[in-house]
Amino acid sequence: MDRNQSRRQVAAMKQSLFDQGLLDEQFIQLEELQDDANPNFVEEIVTLHYRDSSRLISSIEQALKERNPLDFNKLDTLMHQFKGSSSSIGAKKVKAECNLFREYCRVGNAEGCMRSFQQLKKEYAALRKKLEAYFQLARQAGPQETACRSK
């Protein structure tokens, strides 16, 4: 496969992540910060996000197990941190699920928190898998001239 065809595949894969509502414009803004001096900047940021956010997921899981009663303020604080980290990489569906979880915290809905957290973990894992495939394809295609979202 030639380099141009590889780049078209990368662009199509990225566009599909936007079309599926998985990413938002923050991802493009990260790509715009990437340059020849740091050609893997976005991948490094996303890798750091997943490494750090796994600690938050564990903390939320632990807090959800402490059910007598649930500490909704603690859960909301943890989810606020997770949402901020997810927003920084443009994880649109994950961020939306964080908002829903936090709303359940505000109204004291334990079952809503549990359901929302399960959905959040699914969205989180799905995006991680797709971004890993995207970055692998991007590495194979080589450096990009632009970091603009294809229309």
Side-chain angles (χ1 to χ4, degrees), residues 8-35 37-141 144 146-151:
R8 282 192 299 274
Q9 274 190 312
V10 170
M13 182 180 264
K14 180 172 64 176
Q15 186 62 47
S16 77
L17 295 173
F18 282 92
D19 293 345
Q20 294 170 56
L22 296 171
L23 294 176
D24 64 22
E25 292 300 319
Q26 180 62 34
F27 189 80
I28 296 300
Q29 290 176 6
L30 280 178
E31 285 189 324
E32 289 170 351
L33 297 173
Q34 187 164 285
D35 58 20
N38 196 351
N40 299 320
F41 176 76
V42 177
E43 184 175 5
E44 290 168 9
I45 295 295
V46 169
T47 299
L48 286 171
H49 160 73
Y50 277 102
R51 188 175 357 155
D52 294 344
S53 61
S54 64
R55 174 190 52 81
L56 284 169
I57 285 183
S58 295
S59 296
I60 294 166
E61 284 175 334
Q62 188 60 41
L64 285 170
K65 289 177 184 172
E66 300 165 2
R67 295 196 59 130
N68 293 333
L70 282 180
D71 184 343
F72 290 108
N73 287 330
K74 179 179 179 180
L75 284 166
D76 185 58
T77 298
L78 290 167
M79 189 56 71
H80 179 71
Q81 292 172 20
F82 186 81
K83 177 186 165 194
S85 179
S86 299
S87 295
S88 73
I89 66 161
K92 186 176 180 178
K93 281 189 176 181
V94 172
K95 184 173 82 173
E97 207 56 54
C98 290
N99 286 332
L100 183 59
F101 181 96
R102 293 187 71 207
E103 185 56 37
Y104 286 132
C105 285
R106 280 192 268 288
V107 298
N109 183 335
E111 287 306 311
C113 284
M114 301 293 257
R115 280 192 317 271
S116 178
F117 186 62
Q118 293 308 312
Q119 184 61 34
L120 180 142
K121 289 194 304 184
K122 287 179 190 171
E123 296 293 348
Y124 173 84
L127 180 60
R128 182 179 195 162
K129 185 177 180 183
K130 289 180 181 195
L131 283 173
E132 285 171 353
Y134 169 75
F135 289 128
Q136 181 179 358
L137 189 61
R139 280 192 306 273
Q140 291 170 355
Q144 245 178 289
T146 63
C148 297
R149 180 175 170 190
S150 53
K151 298 286 179 192

Test your reading of the model: is there a side-chain donor-acceptor pair from [X] to the backbone of [Y], 3.5 Å cut-off?
X      : Y      : value
Ser86  : Lys83  : no
Ser116 : Cys113 : no
Asn40  : Glu43  : no
Ser58  : Ser54  : yes
Glu123 : Lys93  : no

Subject >> Point-to-point distance, once rounded to the nearest 0.5 Å, from CG of Leu64 to CD of Glu66 >> reply: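 It comes to 9.0 Å.
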**OP:** Give the minimum heavy-atom separation between Leu30 and Ile89, together with the two atoms involved.
**Re:**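 Heavy atoms only, the tightest pair is CD1-CA, 3.8 Å.
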**OP:** Give the minimum heavy-atom separation between Ser87 and Lys95, together with the two atoms involved.
**Re:**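 That would be OG-CD, 2.8 Å.
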Min side-chain heavy-atom separation [X]-[Y] under 4.5 Å:
X      : Y     : value
Leu131 : Leu23 : yes
Lys121 : Ile57 : yes
Glu44  : Asn38 : yes

Subject >> Pair Lys129 + Glu132: basic N to acidic O under 4.0 Å >> reply: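 Between Glu132 and Lys129 there is no salt bridge, as every charged N stays at least 4.0 Å from the carboxylate O atoms.
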Original post:
Less than 4.0 Å between a side-chain N and a carboxylate O, is that true for Glu97 and Lys122?
Top reply: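 So Lys122 does not pair with Glu97 through a salt bridge.
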Original post:
Just one of Phe101, Phe117, Tyr124 clears the ring pair (Phe, Tyr, Trp, His ring centres under 6.0 Å) bar with Phe82, so which one?
Top reply: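 Exactly one candidate clears the test, Tyr124.
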